[in-house]
2 protein chains.
Amino acid sequence: MAKKKTKERIIEAADDLFYRNGFEHTSFHDIAAAVGLSRGNFYYHFKTKDDILDAVIDLRMARTKSLLNQWQDEGQTPMERIGCFVHILIVNMAKIKLYGCPLGTLSNELAKLEHSHQSRAKQLFILFQDWLSQQFRALDCGEKSEEFALHILGRSQGAATLATVFQDEALIRKEVDMMLHWAAQVVEKTQKEKV
Amino acid sequence: MAKKKTKERIIEAADDLFYRNGFEHTSFHDIAAAVGLSRGNFYYHFKTKDDILDAVIDLRMARTKSLLNQWQDEGQTPMERIGCFVHILIVNMAKIKLYGCPLGTLSNELAKLEHSHQSRAKQLFILFQDWLSQQFRALDCGEKSEEFALHILGRSQGAATLATVFQDEALIRKEVDMMLHWAAQVVEKTQKEKV
DNA sequence: GTCTATAAAGTGATAGAC
DNA sequence: GTCTATCACTTTATAGAC
């Protein structure tokens, strides 16, 4: 594998710092220090802080797409794939307890800053929503698939906030179970109504 | 009514700005300008930014307690009172779409700042949790009351984040209906099990 | 209680040497 | 591509006059 380009290393460091410390709280100095660069050199790669945010969102979009493709192969059934999504709460529990959901906390921060990139952050949500819709559609949920997908997204966001506030792993596991139970129940009910 | 003290006006302005623009993004200058004071005078009332945050959380605690007492009188039955809580999503919809939930977004921001006041922000959640627990307990939910309360809290947080990201009022109304439906269902089920 | 002035540090951003 | 030096600005915070 070739050595990683400086630009790539900057983006990955910024992604990590934006998540852990927040976008505004992260300074050029912080990112430069994390990569081991001077601030001056930094400006060779990115002209403004918003440019870095742009690149970080691009990175997150690409990683999300790759993750969704992975789940698409991993899960044998659509319901198992929905399970893959819900289980990120458990897989990433340690980080979520400390820093919340990367999508939700970024969107909330950008909203308060009235930042122009809010719509780009929303696109990350839509990637998940479309993929979840696709799973529900495969389970014969038809036109209700989109709203089911949004509901699961919302429940995950709520569980992530609870995790950060209450630091209670058992609570999150319970929320995960309830989400999966809800999905199974609602799919079954929708399928019955069709017959 | 007596003229409001300067200190009180500062706290209320800070509360509003912390909510709308975030804690870190709000400077002493912003608060001073909102109240119509000089920055110098500001330091007569508060020595550090954390002192202001402390006072703002005190204010939110007091306002929350007063709101819960109001709901306690307003709702005829415990289930109606739970309805009062869930309906803040609709009552405060316009603000939530722009700035999210005041509790959740503050907790998420303080987490990323590794701020010492995280535990104080959690206390705000616990006020709601205890009050909701009390309602479920009055509905004979016994030892399950606490987890029911936490679940409703989590769902509200998730719905608030969805509101900010998707700006879709119909979606939030649907989430509110689903929450109330869930509460009614779970209370009925718990009561049946008792018999 | 309120103000101005100012310190001390940090911010995003630029220019230019190597 | 990487560096140092520097600019203009903002931040929290203090001192002292009125």
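Both backbone and side-chain heavy atoms feed into the values below; hydrogens, waters and symmetry mates do not. The chains referred to below are lettered A, B, ... by the order of the sequence lines, with proteins before strands, and numbering in each begins at 1.
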Within the 6.0 Å centroid threshold, strictly below: B:Trp182 and A:Trp182: no
Nearest non-hydrogen partners of A:Leu106 and A:Ala121, listed with the distance: CD2-CB, 4.3 Å
Tell me which pairs pass salt bridge (charged side-chain N to carboxylate O under 4.0 Å, His left out) where either residue lies in [range], with sequence neighbours left out.
| range | value |
| --- | --- |
| residues 66-90 of chain B | none |
| residues 18-41 of chain B | B:Asp16-B:Arg20 |
| residues 114-133 of chain B | B:Asp54-B:Arg120, B:Asp58-B:Arg120 |

side-chain N/O A:Tyr44 vs D:dG1 OP1/OP2, d < 4.0 Å: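 Answer is yes, contact under 4.0 Å.
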Please give, in whole Å, the distance from [N] [atom2] to [X] [atom1]?
| X | N | atom1 | atom2 | value |
| --- | --- | --- | --- | --- |
| B:Phe46 | C:dG1 | CZ | C1' | 14 Å |
| B:His25 | D:dT12 | NE2 | C1' | 16 Å |
| A:Glu8 | D:dG1 | CD | P | 13 Å |
| A:Lys7 | D:dT2 | NZ | P | 12 Å |
| A:Lys5 | D:dT2 | NZ | P | 11 Å |
| A:Leu37 | D:dG1 | CG | C1' | 10 Å |

Value rounded to 0.5 Å, distance of CZ in B:Phe18 from CG in B:Leu59: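 These two atoms lie 11.5 Å from each other.
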Donor-acceptor under 3.5 Å (B:Lys112 side chain, A:Tyr99 main chain): yes
Contact letters for nucleotides 12-18 of chain C, in which S counts primed atoms plus P, OP1 and OP2 and B counts the base, heavy atoms under 4.0 Å: BBB----
Partner residues of B:Phe46 under the ring-ring contact (aromatic ring centres under 6.0 Å, His included) criterion, sequence neighbours left out: none
Near-strand residues of residues 13-23 of chain B, defined as heavy-atom separation under 4.0 angstrom from DNA chain D: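 Those residues: none at all.
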